[in-house]
Amino acid sequence: MQHDLIAQARTWLAEDPDPETRAELAALVEAGDTQELAARFAGTLQFGTAGLRGELGAGPMRMNRSVAIRAAAGLAAYLKARGEEGGLVVIGYDARYKSADFARDTAAVMTGAGLRAAVLPRPLPTPVLAYAIRHLGAVAGVEVTASHNPPRDNGYKVYLGDGSQIVPPADGEIAAAIAAVGPLADVVRPEDGWQTLGEEVLEAYLARTDAVLAAGSPRTARTVYTAMHGVGTSVLTAAFARAGFPEPVLVAEQAEPDPAFPTVAFPNPEEPGAMDLAFATARRAAPDLIIANDPDADRCAVAVPDTAAEGGWRMLRGDEVGALLAAHLVERGASGVFAESIVSSSLLGRIAEKAGLGYEETLTGFKWIARVDGLRYGYEEALGYCVDPEGVRDKDGITAALLVAELASVLKEQGRTLLDLLDDLALAHGLHATDQLSVRVEDLSVIADAMARLREQPPTALAGLAVTSAEDLSQGTDRLPPTDGLRYHLEGARVIVRPSGTEPKLKCYLEVVVPVADAAGLPAARARGAELLAGIKRDLASAAGI
């Protein structure tokens, strides 16, 4: 066993083009650290519908230049097999450790394989890359990012020429092509020959952002903004300036890209503590709302003044922002289809139905939402919003921020707030309260065990509400392809349980719907919703053994 590990490590070492990971692996070999080597060589990072994502380091179970080169070579082989020889591949990257290296390696591999490669001019938001693919007529795009993962992670996200992320069977075919890549020495990687794009591609994206706003709409909302140490600041402030909004007050400590993410444990606006500096800035600046992007700026978080909340500010849930944007688009006379993933609030369907609009439910992820025919607006509870599907067929934290600011401005002119509009929606459709039970694990078998336990002994009631139906989504439904998940319908509630596709987490999505007769009944409905959610969370954790 030890001999095999050392031999595997030496073979990898001989190929590794990166002095940093070579030194790291050589030290492990020298120290005879078989436990760590076993973790690094337990298999290979699996290429799936999220592409690749993992911790940086040496070895096939980590993100590194060798893994990125193999991924690029496999993607190039896949594209050529589909007759795309000579086609353009656009490559974007964020400001994480090694992102620029992985982007450069990808450009070299594509060029060596007979494709054309163009790299974005600097670290930019993921939606700029998604836009550039269609804008430039590319056959594929690659974004080097780990989105909101911890600092030591990086990733590799693949789009095809329609500008949306890959779905089956493309992911499996690309994975097979990656697995078929031989020695790295055989992967042709010239020193040059690709294009580095200028600022004109960003200018074209920014010109497109204006299209999400209504002509002549009010632009008065004042914002505090945080990029969460990511790449959003320059693009969002430029978009706001073009649109004529007041200049956002920046959370200074988090405004510039920093791969160490020094002020947050997890650079995700949803994580506890991540918004503390934004709240502190808002208490000084007294804006109308706080807007936060995640590090690659494809997600958008919103917080609003609320005297009832601790510290005077309340984070809106993704489902709340999703419903608010839908209501705003309806008010503006939108046509087309509204879509969301199965883990998002059923309120969107009720808003669409009342407005006479089409509505579709998809599997989790914008790779599915973006493919809905006739899509006008799509959202997912994890702070992702697609408000301009003709421009960006993916979630876009910049254009979503513009639309939120427009809505806040419209309401401000009426002497109202986002919270007032949420009350209106509760009165019109019932109070839709959502929450999540999310368990991060070190050992992935914990997730598999919990799923198996729920399949073998599905709960019959949660929080005193009877389970009226239980679906195993791995079998697929008449409207959804198979996915590893479980869905329970209860009397006035819904629960979905699934393993995360991007992190070592088991995620449980909870929703309760409480009828509300009039405005006076809202506080009691909220209390009842919170009580039911807490009970479902408690009972579900017990049923899953987590």
Side-chain angles (χ1 to χ4, degrees), residues 48-53 90 92 94 125-134 140-149 155-168 170-171 205 208-209 212 232 268-270 293-301 318-319 321-323 325-326 329 336-345 348 358-401 403-404 479-481 483 485 496 498 500-503 507 509:
T49 46
L52 292 166
R53 206 178 282 187
V90 192
D94 66 12
T126 293
V128 178
L129 180 275
Y131 168 80
I133 293 165
R134 298 178 73 208
V142 171
E143 177 71 16
V144 180
T145 181
S147 190
H148 57 276
N149 276 37
Y156 200 89
K157 189 182 287 190
V158 175
Y159 298 75
L160 293 182
D162 62 357
S164 50
Q165 296 176 52
I166 53 168
V167 294
D171 57 344
Y205 167 81
R208 176 82 203 185
T209 61
V212 306
N268 177 355
E270 292 179 294
N293 286 141
D294 66 339
D296 68 326
D298 63 352
R299 296 168 192 246
C300 176
D319 283 319
V321 176
L325 291 179
L329 290 170
V337 178
F338 283 9
E340 64 181 340
S341 63
I342 56 172
V343 299
S344 305
S345 171
L348 183 70
Y359 168 73
E360 289 286 338
E361 216 178 30
T362 74
L363 291 185
T364 314
F366 272 81
K367 57 187 176 281
W368 299 108
I369 294 170
R371 286 182 158 77
V372 168
D373 284 343
L375 181 68
R376 173 59 187 88
Y377 167 64
Y379 98 90
E380 189 155 74
E381 54 73 44
L383 311 182
Y385 313 94
C386 174
V387 300
D388 177 26
E390 288 307 305
V392 176
R393 288 190 180 173
D394 199 4
K395 54 187 178 290
D396 182 346
I398 306 296
T399 49
L403 203 60
V404 169
R479 301 192 66 92
L480 296 169
T483 186
I496 291 175
R498 60 179 282 272
S500 168
T502 56
E503 299 175 271
K507 289 186 159 185
Y509 305 84

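The basis for the numbers below is simple: all heavy atoms, side chains too, and nothing from hydrogens, waters or symmetry mates.
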Distance in Å, [X] [atom1] paired with [Y] [atom2], rounded so as to fall on 0.5 Å steps:
X	Y	atom1	atom2	value
D394	E143	CG	CD	9.5 Å
D396	L403	CG	CG	11.0 Å
T364	I496	OG1	CD1	7.0 Å
E340	I369	CD	CD1	8.0 Å

Check [X] against [Y] and note the closest heavy-atom contact, atom names and distance.
X	Y	answer
V392	C386	O-SG, 3.5 Å
H148	P295	CA-CD, 3.9 Å
G141	I133	CA-CD1, 3.7 Å
D94	A146	OD2-N, 3.6 Å
P481	L363	CG-CD1, 3.6 Å
N293	G397	ND2-O, 3.2 Å

Within a strict 4.5 Å, meaning less than it, do heavy atoms of the [X] and [Y] side chains meet?
X	Y	value
Y379	L325	no
R393	F366	no
R479	E360	yes
L129	Y159	yes
D294	N268	no
V167	W368	yes
P269	L383	yes
V142	K157	no

Original post:
Would you call the rings of Y205 and Y131 parallel, tilted or perpendicular if under 30° counts as parallel and over 60° as perpendicular?
Top reply: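 Correct class here is perpendicular.
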**OP:** Assess whether side-chain hydrogen bond (donor to acceptor under 3.5 Å, both in side chains) is satisfied between R299 and Y385, documenting all intermediate values.
**Re:** CA-CA 7 Å; R299 296 168 192 246; Y385 313 94; over 6 Å; no
Subject >> Polar contact flag, side-chain donor to acceptor under 3.5 angstrom, T126-D296 >> reply: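 D296 and T126 do have a side-chain donor-acceptor pair below 3.5 Å.
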**OP:** Going by the side-chain hydrogen bond (donor to acceptor under 3.5 Å, both in side chains) test, name the single residue among K367, R134, R371 that passes it with S164.
**Re:**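 Among the candidates, only R371 passes.
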Subject >> From CA spacing to verdict: side-chain hydrogen bond (donor to acceptor under 3.5 Å, both in side chains), S341, E380 >> reply: CA-CA 6 Å; S341 63; E380 189 155 74; 2.7 Å; yes
**OP:** Check step by step if side chain to side chain contact (heavy atoms under 4.5 Å, CB included) holds for I342 and L480.
**Re:** CA-CA 9 Å; I342 56 172; L480 296 169; 3.6 Å; yes
Subject >> Main-chain N/O of S147 paired to T145 side chain as donor or acceptor, under 3.5 Å >> reply: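 Side chain of T145 to backbone of S147: a pair is present.
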Original post:
Stepwise, does the side chain to side chain contact (heavy atoms under 4.5 Å, CB included) test hold for D319 with S344?
Top reply: CA-CA 6 Å; D319 283 319; S344 305; 3.7 Å; yes
Original post:
Could R376 and D388 be called an ion pair, given the rule that one side-chain N must be under 4.0 Å from one carboxylate O?
Top reply: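 No.
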Subject >> F338 and Y377: CA distance, side-chain angles, deciding distance, ring-ring contact (aromatic ring centres under 6.0 Å, His included) verdict >> reply: CA-CA 5 Å; F338 283 9; Y377 167 64; 5.4 Å; yes
